[in-house]
*Asks:* 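Shown below is the structure under consideration.
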Amino acid sequence: MRKINFSPGPSALPETVLKRLQEGVFDYNGAGVGIFELGHRTKLFMGLVDETKDRLLKLIGASSSKYEVLFLTGGATQMFSVVPLNINTKVEKSAGYLVSGHWAKVALAEAQKFREVVAISSSESNGFKTLPEQNLDYSKYSYVHITSNNTIFGTQIKDTPKTADVPLVCDASSDILSREVKVDEFGMIYAGAQKNLGTAGVTIVIIRRDLIDANLSGLSTSLNLETYAKSNSLHNTPPVSAIVSVHEMLKWIEEEGGVSAIEERNTKKANLLYDSIDSSSAFSGYAEKEARSKMNITFKAQTEELEQNFIKFCESKNIIGLAGHRSVGGLRASLYNAITLEDVSTLVNHIKEFDAKNS
Ligand SMILES: Cc1ncc(COP(=O)(O)O)c(C=O)c1O
């Protein structure tokens with residue numbers, strides 16, 4: 001029996017996608033070989049890379065003349081180095097980082113190893129329950145880096161900072177394609193696929209073509225974004241099966257009605273859960289209301305013991321993945337694209353039942 005999986009990532013995939021992948025493991029699209037056996041230089045896979053790029057650009061609303069899609073490995077974590085090593089390196093200004101949570105802090109610390117970097121603003125003194133100040137002058141930076149959704153603290157940037165001509169680089173690991181964005185506001189968006197868009201192993205990069213520097217000297221070939229742009233992400237063996245999973249997820253998002261329909265559902269899911277937390281006696285939300293994420297709902301019970309009891313109670317009902325990150329504690333339900341409204345209703349019913357027994 002499958003469980004309802006609210007894990008923060010790798011996380012649940014839609015049943016339709018899982019079934020298609022399951023079939024593909026044995027024989028992918030009649031090729032006579034399965035997903036794990038597919039050669040990366042076969043016509044089938046190379047065509048699939050092109051199709052996946054097209055689907056992604058269409059879904060996110062970007063033009064292929066302006067933006068390139070790259071498939072990398074190394075996760076968002078490797079991007080914390082790749083970004084400062086590649087973006088506007090010849091502009092003699094500091095790179096600016098909005099520090100909105102754990103991953104933003106890690107991104108900043110990593111970038112500082114390679115160039116002049118400053119924290120533009122931070123919400124750390126509020127325990128990252130709020131978002132950092134965003135209404136700022138960004139003109140003094142070579143690029144600006146944000147984390148659109150803070151997976152651990154459960155906050156999410158609602159309005160993209162307006163950085164005018166300064167490229168905005170966004171770690172969208174935990175909310176890519178969960179809501180509509182104006183792509184033109186971004187120089188680059190990157191994300192590990194394993195939360196909203198597929199399985200672990202592939203990092204998705206959407207980058208404005210003019211930010212790919214063809215004249216970077218002294219940089220490792222495999223950390224240079226131009227390497228992947230030139231080779232259509234086939235510089236070396238890419239994570240073939242993970243890219244196939246992304247392709248299947250994109251197809252599924254199209255079938256569900258595209259990103260606007262997904263966003264509508266994600267909003268309903270998050271509202272339903274926040275309402276039940278807010279109206280309970282045993283639980284309270286972690287993040288400040290205005291900063292709340294629709295992806296990672298962080299909450300607490302009155303005591304740690306109660307939280308552990310709730311996790312066990314849910315496990316007995318086949319619901320998993322509700323423990324908060326070890327640095328924050330408490331509880332967290334991750335409502336990525338594959339989680340259904342029905343899954344959230346089930347959780348809400350258990351919150352009500354637990355609340356009635358424990359308050
Ligand atoms: C917002 C954000 N950035 C970066 C990371 C690190 O991603 P990866 O494990 O793909 O390197 C995570 C992981 O959860 C994340 O949530």
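Side chains included, hydrogens not; waters and symmetry mates left out as well; all remaining heavy atoms used. All values reported here derive from a predicted model rather than from experimental measurement. In each ligand, atom 1 is the first atom listed, and ligand 1 is the first ligand listed.
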*Asks:* Ignoring angles and geometry beyond distance, decide whether Gln194 reaches within less than 3.5 Å of ligand 1 through its nitrogen or oxygen atoms.
*Replies:*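 Between Gln194 and ligand 1 (N or O atoms, distance only) the closest approach is under 3.5 Å.
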
*Asks:* For the residue pair Lys129 and Phe153, would you count it as a cation-pi contact if the rule is NZ or CZ under 6.0 angstrom from the ring centre and within 45 degrees of the ring axis?
*Replies:*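 Here Lys129 fails the 6.0 Å and 45° test against Phe153.
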
*Asks:* When you measure from atom 3 (N) of ligand 1 to every protein heavy atom, which one gives the shortest distance, and what is it?
*Replies:*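 Of every protein heavy atom, Asp171 OD2, 2.6 Å lies nearest to atom 3 (N) of ligand 1.
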
*Asks:* For ligand 1, does Thr147 get within less than 4.0 Å through its side chain, its backbone, both, or neither, judged by non-hydrogen atoms?
*Replies:*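 It is the side chain that touches ligand 1; the backbone stays farther off.
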
*Asks:* Is any N or O atom of Ser174, backbone or side chain, closer than 3.5 Å to an N or O atom of ligand 1?
*Replies:*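 No; every N/O pair is 3.5 Å or more apart.
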
*Asks:* Assess Ile152 for proximity to ligand 1: is some non-hydrogen atom of it under 4.0 Å away?
*Replies:*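 Heavy atoms of Ile152 never come under 4.0 Å of ligand 1.
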
*Asks:* Show your reasoning for whether ring-ring contact (aromatic ring centres under 6.0 Å, His included) applies to Phe283 and Phe299.
*Replies:* CA-CA 7 Å; Phe283 302 102; Phe299 55 115; 5.8 Å; yes

*Asks:* Can you say whether the rings of His102 and His325 are parallel (under 30°), tilted (30 to 60°) or perpendicular (over 60°)?
*Replies:*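 Aromatic pair His102/His325 classed tilted.
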
*Asks:* Give a yes or no on whether Val166 and Val91 share a hydrophobic cluster (residues Ile, Leu, Val, Met, Phe, Trp, Tyr; joining criterion: side-chain heavy atoms under 4.5 Å apart).
*Replies:*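 In one cluster with Val166: Val91, no.
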
*Asks:* Quick check for you: to the nearest 0.5 Å, what is the distance between Ile60 atom CD1 and Ile206 atom CD1?
*Replies:*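 Spacing of CD1 (Ile60) from CD1 (Ile206) equals 3.5 Å.
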
*Asks:* Can you check whether Thr77 has an N/O within less than 3.5 Å of an N/O in ligand 1?
*Replies:*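 Yes.
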
*Asks:* Do you know which of Asp184, Val183, Asp210, Leu57 makes side chain to side chain contact (heavy atoms under 4.5 Å, CB included) with Lys66?
*Replies:*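 With Lys66 as partner, Asp184, Val183, Asp210, Leu57 yield a single side chain to side chain contact (heavy atoms under 4.5 Å, CB included), made by Asp184.
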
*Asks:* Using a 4.0 Å cutoff against the non-hydrogen atoms of Asn149, which atoms of ligand 1 qualify?
*Replies:*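 In order of number, 1 (C).
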
*Asks:* When you compare ligand 1 with Ala76, is there at least one nitrogen or oxygen pair between them that comes in under 3.5 angstrom?
*Replies:*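 By distance alone, the answer is yes.
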
*Asks:* Among all protein heavy atoms, pick out the one at the shortest distance from atom 16 (O) of ligand 1; state its residue, atom name and that distance to 0.1 Å.
*Replies:*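 Here the closest protein heavy atom is Thr151 OG1, 2.4 Å.
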
*Asks:* Which of the atoms of ligand 1 are close to Gly75, meaning less than 4.0 Å from one of its heavy atoms?
*Replies:*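 Near Gly75, meaning under 4.0 Å from one of its heavy atoms, ligand 1 has 10 (O), 11 (O).
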
*Asks:* Quick test of your reading of the model: are Glu353 and Lys357 salt-bridged, counting only N-O distances below 4.0 Å?
*Replies:*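 Looking at Lys357 together with Glu353, the answer is yes, because their closest N to O distance falls below 4.0 Å.
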
*Asks:* Taking the six-membered ring for Trp, is the centroid-to-centroid distance between Tyr97 and His145 below 6.0 Å?
*Replies:*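 Yes, they do, as the ring centres are separated by less than 6.0 Å.
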
*Asks:* Looking only at N/O atoms, are Lys195 and ligand 1 under 3.5 Å apart anywhere?
*Replies:*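 For ligand 1, there is an N or O atom that lies under 3.5 Å from one belonging to Lys195.
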
*Asks:* How far is atom 12 (C) of ligand 1 from its nearest protein heavy atom, and which residue and atom is that?
*Replies:*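 Answer, as residue, atom name and distance: Trp103 CE2, 3.4 Å.
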
*Asks:* Is it the side chain (CB and beyond), the backbone, both or neither of Phe80 that lies under 4.0 Å from ligand 1, heavy atoms counted?
*Replies:*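 For Phe80, the contact with ligand 1 is made by the side chain alone.
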
*Asks:* Using side chain to side chain contact (heavy atoms under 4.5 Å, CB included), reason through Ile311 and Cys314 one step at a time and then give a plain yes or no.
*Replies:* CA-CA 5 Å; Ile311 289 171; Cys314 285; 6.0 Å; no

